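Model, not experiment: these values are computed from the prediction. Sequence lines set the chain letters: A, B, ... in the order given, protein chains first and strands last, and positions in each chain run from 1. Note that these values count all heavy atoms, side chains included, but never hydrogens, waters or copies made by symmetry.
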Amino acid sequence: MVQDPGIARVVADLEESEFASGVGAGRWSVINFAFPILDFVISAMDAEGKVSEVGFRAELTNFPAQAPMVWIWDHANKCRLAAEKRPKGNSRIAKAFQHWTEDTVYRPWERKTGPHNNNAGNLPHLAWRPDRRLSFIFQDLHAILNSNARTRPIRAAA
Amino acid sequence: MISSDSPAIGQASADAMEMRMSDIEGGEIAVQETGEVVLLVKTGLREERRVSLKHGDRIGAIVEVIARERDVTVEEMVIVCEGEVAELTLDSSVSPDYPHKRRHHVHHRSLVKVIVFYGAKEAAHEFKRRETVDEVFDWAVALKEFGIDPAMQGEFVLVLHGQKDEVPGSEHIGHLAGHAKELKLDLVRGDIANG
């Protein structure tokens, strides 16, 4: 039986140093991997400093040639997270996790979002490429989910 | 006894030796115990190595190897565990409960002058090489000179000066600066997909 080469690539990405570093530091973790489905959580901090975990599901058919399709996911109920339960806050968060036609994560690297309104073409630095690793997506989601916590009082320069 | 692989970019794993995800039959990951302790040590932006250690080995041995390679003294170097503020003491040793799954970083002890540009404005501040982009961000968005509304601070990101790629918040200043004494970053609104 011929094994899908995408499986080996996903496993390599899950062992890659940036990815492993995020696991070790508690920034994210994998719940389950059964190709082509990868279930994972990303840690998030809100403006009050409260830490939580946000679930995601990635579909990785033809990875890495084809961009991952990623949903914000309710792992307990095995379905997309209801819109009213999704992270709220600044416009980056609101847009990334908005409810839209395809209802995938709305970031240029995402399979459905990339071609939508030519997002991948307009924002190539955020678009998926086969040479990118899964850690690119995890870092992007982690940065957005923790952007609410990045508010600081104004002060004069030292 | 300490042994160090040559840099293995993109292949190293913090727990690669103790828990190797090697059985991928059917896409299912199986965890295999191999009993070795390996530290992933980052020494540059694209320079990492896996260092094999035994219980009782000194952490300082890692610094000694890298200092020798760079032709500097051990006292000029510092080693930190990712996510920790304090540097590790060179005499600390690897024990069974040592957090070996967390990446370690080795830096020169010198400071980096970080210049952040925001539109036509700029500000500079010295940071330790082990400090992160997140720490620079926290300093920059709170500057009175930049005048960023606290409610809007979460919309911003730091990118390398003149570029568009967002720099991960956990990245160390020292790795971005390399051997330079100065690092330039732009504070910009994070890109949002249109739709």
Q. So A/F63 and A/W128, would you call those rings parallel, tilted or perpendicular, with 30° and 60° as cut-offs?
A. tilted
Q.
Does any backbone or side-chain atom of A/Q98 lie under 4.5 Å from a heavy atom of chain B? Answer side chain, backbone, both or neither.
A. side chain
Q | Aromatic contact, A/F97 with A/Y106 (centres under 6.0 Å) | A | no
Q. Who in residues 178-195 of chain B is close to chain A, using a strict under-4.5 Å heavy-atom cut-off?
A. B/G190, B/D191, B/I192, B/A193, B/N194, B/G195
**Q.** Over 12 foreign heavy atoms within 6.0 Å of NZ, A/K112
**A.** no
Q) With a 4.0 Å cut-off, would you call A/E18 and B/K42 a salt bridge? A) yes
Q. Between A/E102 and A/R111, is the closest basic N to carboxylate O distance under 4.0 Å?
A. no
**Q.** Ion pair check, B/E47 and B/R49, cut-off under 4.0 Å
**A.** yes
Q. Can you name the residues of residues 74-99 of chain B that have some heavy atom under 4.5 Å away from a heavy atom in chain A?
A. B/E82
Q: Heavy-atom pairs under 4.5 Å with chain B are the metric here; pick the option from A/R27, A/H142, A/H116 that has the most.
A: A/R27
Q) Judged by modelled atom types alone, do A/S147 and B/E155 share a side-chain donor-acceptor pair under 3.5 Å? A) no
Q: Measure centre to centre between the rings of A/F40 and A/F33, then say whether the value is under 6.0 Å.
A: no
Q. Just checking, any donor-acceptor pair under 3.5 angstrom between side chains of A/S135 and A/E16?
A. yes
Q: On the 0 to 90° scale, with breaks at 30° and 60°, tag the B/H175-B/H172 ring pair as parallel, tilted or perpendicular.
A: parallel
Q) Would you say the side-chain atoms of A/W71 and A/D103 include a donor-acceptor pair closer than 3.5 Å? A) no
Q. Salt-bridged, A/R107 to A/D140, with N to O below 4.0 Å?
A. yes
Q: Report, by ascending residue number, the residues of residues 157-168 of chain B in heavy-atom contact with chain A at a distance under 4.5 Å; give 'none' if the set is empty.
A: B/V157, B/K164, B/D165, B/E166, B/P168
Q) For the rings on A/F56 and A/W73, is their centre-to-centre separation under 6.0 Å? A) no
Q) With only heavy atoms counted, which part of A/T113 is less than 4.5 Å from chain B, the side chain, the backbone, both or neither? A) side chain
Q: Please step through salt bridge (charged side-chain N to carboxylate O under 4.0 Å, His left out) for the pair A/R9 and A/D13, ending with a clear verdict.
A: CA-CA 6 Å; A/R9 172 58 192 270; A/D13 278 13; 3.0 Å; yes
Q. Does NZ belonging to A/K88 count more than 12 external heavy atoms closer than 6.0 Å?
A. yes
Q) Where on B/F146 is there a heavy atom nearer than 4.5 Å to chain A: the side chain, the backbone, both, or neither? A) neither
Q. Residues of residues 107-120 of chain B under 4.5 Å from chain A (heavy atom pairs)?
A. none
Q. Can a salt bridge be assigned to the pair B/K128 and B/E135 using a cut-off of 4.0 Å between side-chain N and carboxylate O?
A. no
**Q.** Pair A/N119-A/N122, side-chain donor/acceptor within less than 3.5 Å
**A.** no
Q. Is the number of heavy atoms from other residues, nucleotides or ligands within 6.0 Å of NE2 (A/H125) greater than 12?
A. yes
